S.K.: 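Can you read through this structure? Questions will come right after.
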There are 2 protein chains.
Amino acid sequence: MSIKDVAALAGVSPGTVSNVLNRPEKVAGSTRDRVETAIRQLGFVRHGSASTLRAGHSRTVGLSVIDIGNPFFTDVAAGVEDLASERGYAVILGNSSGSRAKEERNLLVFAEQRVRGVLITPSDEDPVRLDLLRERGIAVVLVDHPAERPDQCAVAVNDVTGGYMAVEHLLSGGAGRIAYVSGPASIRQCQDRRRGAGRALAAAGRDPLELRELAMPAMTAAAGQQAAATLLAGDALPDALFCANDLLALGVLRGLLQAGVRVPGDVSLIGYDDIDFASASTVSLSSIRQPTYQLGRAATELLLDECDNPATHAHQQVMFQPDLVVRESTR
Amino acid sequence: MSIKDVAALAGVSPGTVSNVLNRPEKVAGSTRDRVETAIRQLGFVRHGSASTLRAGHSRTVGLSVIDIGNPFFTDVAAGVEDLASERGYAVILGNSSGSRAKEERNLLVFAEQRVRGVLITPSDEDPVRLDLLRERGIAVVLVDHPAERPDQCAVAVNDVTGGYMAVEHLLSGGAGRIAYVSGPASIRQCQDRRRGAGRALAAAGRDPLELRELAMPAMTAAAGQQAAATLLAGDALPDALFCANDLLALGVLRGLLQAGVRVPGDVSLIGYDDIDFASASTVSLSSIRQPTYQLGRAATELLLDECDNPATHAHQQVMFQPDLVVRESTR
DNA sequence: CGCCACGATTAAAACGTAACAATCACATCT
DNA sequence: AGATGTGATTGTTACGTTTTAATCGTGGCG
């Protein structure tokens, strides 16, 4: 079941079989046919590990995301998976669940597997671990995160703009007090979206500091419901809520509706990501749309270019722009 | 950066380093410490491919799902990923998108990577490819699919019961004409749920054949919306709709509401899977709940047992039971 | 005091492939 | 006819680890 058996059956040397597998153009048509039928006859499949060991690099990439349960990331993953598999790469998936320890475990696995490259949406801002990968010759592309230095690739969506759009929209609806329901402070997206929100307030002649922030430990629907409970327990509800993602927003929405609060009558609500389910919710959700699938594809494109053409590869920082999607949940 | 460098620094032989890595109890405490500090000092990480090549097996498992965009499968994947990573296994993800060709490509990748085992929700009933894997010594566990033969592991939820529950519930609401909005006929789950639906009709003294079926090419919200359009174009709407999963149901719901049809006033609607978003939709969705995360965990448990204790391993078929969850979308 | 047993360590061989230099067959040109 | 070039194929070596059998040193026992 090895390349040697194929070689024996086809009456050639192992080297020729290897050539058929890796550089078919280098081998004469007739012998190529002979080898290929031998391969089929024996049901031979290349031993990826042996190949990796010898060649010094594998045909796999690692993908580390923050929450595989979030449709935003599954859309990204779909983009990654599609392009990678078109190019003959396998994807090893790692879900960090927002935990730094899990993220590090995943990166270790990637390093052990000698993946060709890593796509990562980092769960915090510490660049050290990634540099460690790069030192090992593993290409790294940041996904949904701007580059930290010019000598690296990154693909992101402008979160400051997105936050600005969201709050500008709330203000245009006449919102007075606005609160920002956010995720862990360590997540850059949350900070950037807040920054944009603050700028929108400033642009409207108001004090950015009046934006009240409620930082939840996770960005899930359950956390959103929790946030709603906290808001309801406070003195007065804000006029409008900007949630750092749609999962939070959907949870908040549920919590508010269950308490008899009307959306958008009593409170306007806007989410972020425009996941598929945002338009299907009880009160359809206004949101900030991101080109999610494209994000994954673009990141993979950069990564594979860096892997396959290291000589000509030029590091790039791609920045997509978000869109405002207005639905029922905002006035 | 190899085991040899570690050995040199620690003043031992490469074999000892290997023992520290794989059978720490076999090596004396003092030398173990010495080796471990050397490892840390050099930032050494084991070359997984070399290890796999020599040992004959890897520490990875393959997971092949039908639609990574479906929260049902991401929940399953979360269960798989959690347990696998607890046990030190990496997960290679393959998304077949319902396409047999893609599924086969993924299985080929798994075979090349010499994964230790494969978890698969097959997209059709052909067992041949899986036997091919088993012949290669790769353990296979069927996920959300009953075993085809007694000598294999499988984890499933009783879909016939689930279909029965759904239609029984619709009938108890006084439904007259019922239609079944399904996915590709090749997907077993769709067939089983239909079978259960038929039995429920029979149990109510009605003809199972009166269940009209609308088979969509995909099980997505978009396909569901398509289905709604088809239904609306027909002569008369059924009294009740049973959708083969929640994504279809959410799409149908949207399509019906947009056309001014009231749910459940004009049409009752029930989905399947009870994904998180089912309870958050415009009209909250009645559904059939499955222990999704548990499904993934249980399957992985069986797979790793088969991998790690091949001698004592006994093949098992686990069958979970579904639950009816009644919400607003049904009378 | 010599022998044995035992735990700890080592030397060496193998896993299956890729890549390079070397060889070969053959045809073209001088 | 001999030299030269070209394209196809092969032999060999190395990748980094695991594993087995062999070796080493130490202490207990007769």
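Please read these numbers as outputs of a predicted model, since none were measured by experiment.
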S.K.: Check this for me: does any side-chain nitrogen of one of B:Lys102 and A:Asp82 sit under 4.0 Å from a carboxylate oxygen of the other?
M.R.: yes
S.K.: Looking at B:Arg105 and A:Glu86, is there a salt bridge between them, counting it only when a charged N and a carboxylate O are closer than 4.0 Å?
M.R.: no
S.K.: Using a 4.0 Å heavy-atom cut-off across all strands, classify B:Ser18 as base, sugar-phosphate, or nothing.
M.R.: base
S.K.: What is the distance from CZ of A:Arg114 to P of D:dC15, rounded to the nearest Å?
M.R.: 14 Å
S.K.: Please classify the nucleic acid contact of B:Val12 as base, sugar-phosphate, or nothing, using heavy-atom distances under 4.0 Å.
M.R.: sugar-phosphate
S.K.: Using a 4.0 Å heavy-atom cut-off across all strands, classify A:Val27 as base, sugar-phosphate, or nothing.
M.R.: sugar-phosphate
S.K.: Looking at every strand, decide which applies to A:Thr52 at a 4.0 Å heavy-atom threshold: base, sugar-phosphate, or nothing.
M.R.: nothing
S.K.: Distance alone, cut at 3.5 Å: any donor-acceptor contact between the side chains of B:His315 and B:Asp151?
M.R.: no
S.K.: Using the closest heavy atom to pick a nucleotide of DNA chain C for each, name whichever of B:Thr16 or A:Arg46 lands nearer the 5' end.
M.R.: B:Thr16
S.K.: Charged N to carboxylate O under 4.0 angstrom, B:Arg59 versus A:Glu112?
M.R.: no
S.K.: For A:Leu142 and A:Gln152, what are the C-alpha separation, side-chain angles and deciding distance, and is it a side chain to side chain contact (heavy atoms under 4.5 Å, CB included)?
M.R.: CA-CA 8 Å; A:Leu142 268 38; A:Gln152 59 187 223; 3.6 Å; yes
S.K.: Write out a two-atom table: protein N or O, nucleotide N or O from nucleotides 11-14 of chain D, distance below 3.5 Å.
M.R.:
unit_1 : atom_1 : unit_2  : atom_2 : d
D:dA14 : N3     : A:Arg54 : NH1    : 2.9

S.K.: With a 4.0 Å cut-off on N to O distance, would you call A:Asp308 and A:Arg87 a salt bridge?
M.R.: no
S.K.: How long is the line joining CZ of A:Arg23 and P of D:dG7, in whole Å?
M.R.: 16 Å
S.K.: Just checking B:Met319: does its CE atom have more than 12 heavy atoms from other residues, nucleotides or ligands closer to it than 6.0 angstrom?
M.R.: yes
S.K.: Answer yes when B:Glu104 and B:Arg100 have at least one side-chain N-carboxylate O distance shorter than 4.0 Å, and no when they do not.
M.R.: yes
S.K.: Once you round it to whole Å, what is the distance between P of D:dT17 and CG of B:Asn19?
M.R.: 14 Å
S.K.: State which residue, out of A:Val91, A:Leu107, A:Thr60, fulfils the side-chain contact (heavy atoms from CB on, under 4.5 Å) condition with A:Val115.
M.R.: A:Thr60
S.K.: Between B:Ser2 and D:dT17, does any side-chain N or O lie under 4.0 Å from OP1 or OP2?
M.R.: yes
S.K.: Nearest-Å distance, CG (B:Asn22) to P (D:dG16)?
M.R.: 17 Å
S.K.: Could you tell me from which nucleotide to which nucleotide of DNA chain C, 5' to 3', there is an atom under 4.0 Å from chain B heavy atoms?
M.R.: C:dA8 to C:dG16
